Amino acid sequence: MGLKNTILLSLFFVALVAKKGLAAQHVVGGSQGWEESTDFNSWASAQKFKVGDQLVFKYTSGLHSVVELPNESAFKNCDLGSALDSKKGGNDVVKLNKAGTRYFACGTLGHCDQGMKVKITTVAAGSNAASSPASSSSSNDDDSSSDASTTTSTTSAASVNFNSLASFIAMTAVWALVLVYVF
């Protein structure tokens with residue numbers, strides 16, 4: 001019975017690691033990061049954001065910040081006074097915990113009005129729908145965030161390939177768990 005339990009525990013950890021690997025980290029603005037010169041609309045339209053992914057805002061602390069705005073109106077009008085959350089670390093992570101649209105802007109005076117803002121539309125993890133900066137559904141639940149020390153920018157194609165492999169590994173591990181448990 002000991003060997004069976006060891007195999008089950010090992011397969012369980014493989015499934016957990018594979019599931020964790022399904023989430024992608026998106027460095028907002030790509031290689032340029034969270035800077036005034038970045039075209040955030042173009043960047044966001046080239047990405048596919050799924051539930052479980054993370055946004056990483058990389059910027060010079062003290063020069064920029066990140067504020068989350070509650071809705072499309074606040075986003076369009078750069079109404080920073082209605083912010084849901086504010087970050088100033090320079091390497092901030094925001095988890096995308098549910099489908100919907102979220103709005104982010106730089107909190108430094110004048111930067112949002114100059115275009116330093118981004119609309120992120122998140123789709124369900126199993127969805128094949130592309131993200132669209134023009135979507136207007138709102139999601140402002142309390143998603144957790146933290147500081148990141150190392151991240152890489154992902155593209156839509158790379159995320160799809162990685163997610164397919166990770167999904168295959170996770171499903172294989174789950175089926176192996178079922179087979180070991182049954183027999």
Side-chain angles (χ1 to χ4, degrees), residues 22-148 151-163:
L22 293 174
Q25 286 192 329
H26 303 272
V27 176
V28 177
S31 60
Q32 291 180 295
W34 187 239
E35 296 295 330
E36 291 168 277
S37 61
T38 305
D39 181 354
F40 294 106
N41 288 331
S42 294
W43 174 81
S45 66
Q47 307 296 310
K48 181 171 184 176
F49 305 102
K50 294 184 178 183
V51 171
D53 286 358
Q54 297 177 338
L55 300 176
V56 182
F57 290 87
K58 291 182 173 267
Y59 56 93
T60 304
S61 183
L63 181 60
H64 301 295
S65 65
V66 179
V67 294
E68 183 170 2
L69 300 173
N71 54 42
E72 180 102 24
S73 175
F75 177 76
K76 285 182 178 178
N77 297 317
C78 291
D79 180 8
L80 303 178
S82 64
L84 300 172
D85 192 16
S86 180
K87 303 189 178 314
K88 300 176 190 230
N91 198 24
D92 304 315
V93 176
V94 176
K95 287 184 170 186
L96 302 174
N97 290 336
K98 65 185 255 183
T101 301
R102 295 175 69 180
Y103 307 91
F104 300 93
C106 181
T108 302
L109 187 62
H111 288 192
C112 178
D113 292 319
Q114 294 171 7
M116 197 169 168
K117 58 185 178 178
V118 65
K119 181 192 296 190
I120 303 293
T121 301
T122 306
V123 298
S127 173
N128 288 329
S131 67
S132 165
S135 175
S136 64
S137 73
S138 179
S139 166
N140 53 22
D141 245 11
D142 59 332
D143 292 319
S144 8
S145 33
S146 60
D147 190 82
T151 58
T152 57
S153 178
T154 57
T155 63
S156 190
S159 297
V160 170
N161 291 339
F162 179 74
N163 284 339

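What's counted below: heavy atoms across the whole structure, side chains too, no hydrogens, waters or symmetry copies. Note that the numbering runs from 1 along the sequence shown for the chain. Note that the structure is predicted; figures quoted are calculated from it, not measured.
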**Student:** Can you list the residues that meet the side chain to side chain contact (heavy atoms under 4.5 Å, CB included) rule with D113, with sequence neighbours excluded?
**Tutor:** C78
**Student:** Starting at OG1 of T108, measure out to CG of L63 and round the result to the nearest 0.5 Å.
**Tutor:** 6.0 Å
**Student:** Could you list the residues that satisfy side chain to side chain contact (heavy atoms under 4.5 Å, CB included) with S65, not counting sequence neighbours?
**Tutor:** K88
**Student:** Any donor-acceptor pair under 3.5 Å linking the side chain of T38 with the backbone of W34?
**Tutor:** no
**Student:** Say you draw a straight line from CD of E36 to SG of C112; how long is it, rounded to the nearest 0.5 Å?
**Tutor:** 11.5 Å
**Student:** Say you draw a straight line from OG of S45 to CG of D39; how long is it, rounded to the nearest 0.5 Å?
**Tutor:** 8.0 Å
**Student:** Please determine, by modelled atom types, if E68 and Y103 share a side-chain donor-acceptor pair under 3.5 angstrom.
**Tutor:** no
**Student:** Considering non-hydrogen atoms only, spot the tightest contact between A83 and L69 and give its length.
**Tutor:** CA-CD2, 4.2 Å
**Student:** What pair of heavy atoms forms the shortest contact from T101 to K119, and how long is it?
**Tutor:** CG2-CG, 3.3 Å
**Student:** Are F104 and F75 near enough that their ring centres are under 6.0 Å apart?
**Tutor:** no
**Student:** Can you tell me how far apart SG (C106) and NE2 (H111) are? Round to the nearest 0.5 Å.
**Tutor:** 5.5 Å
**Student:** Only one of K95, Q47, K48, H26 passes side-chain hydrogen bond (donor to acceptor under 3.5 Å, both in side chains) with D53; say which it is.
**Tutor:** H26
**Student:** Grab the two heavy atoms, one from K76 and one from K117, that are nearest each other, plus how far apart they are.
**Tutor:** O-NZ, 3.5 Å
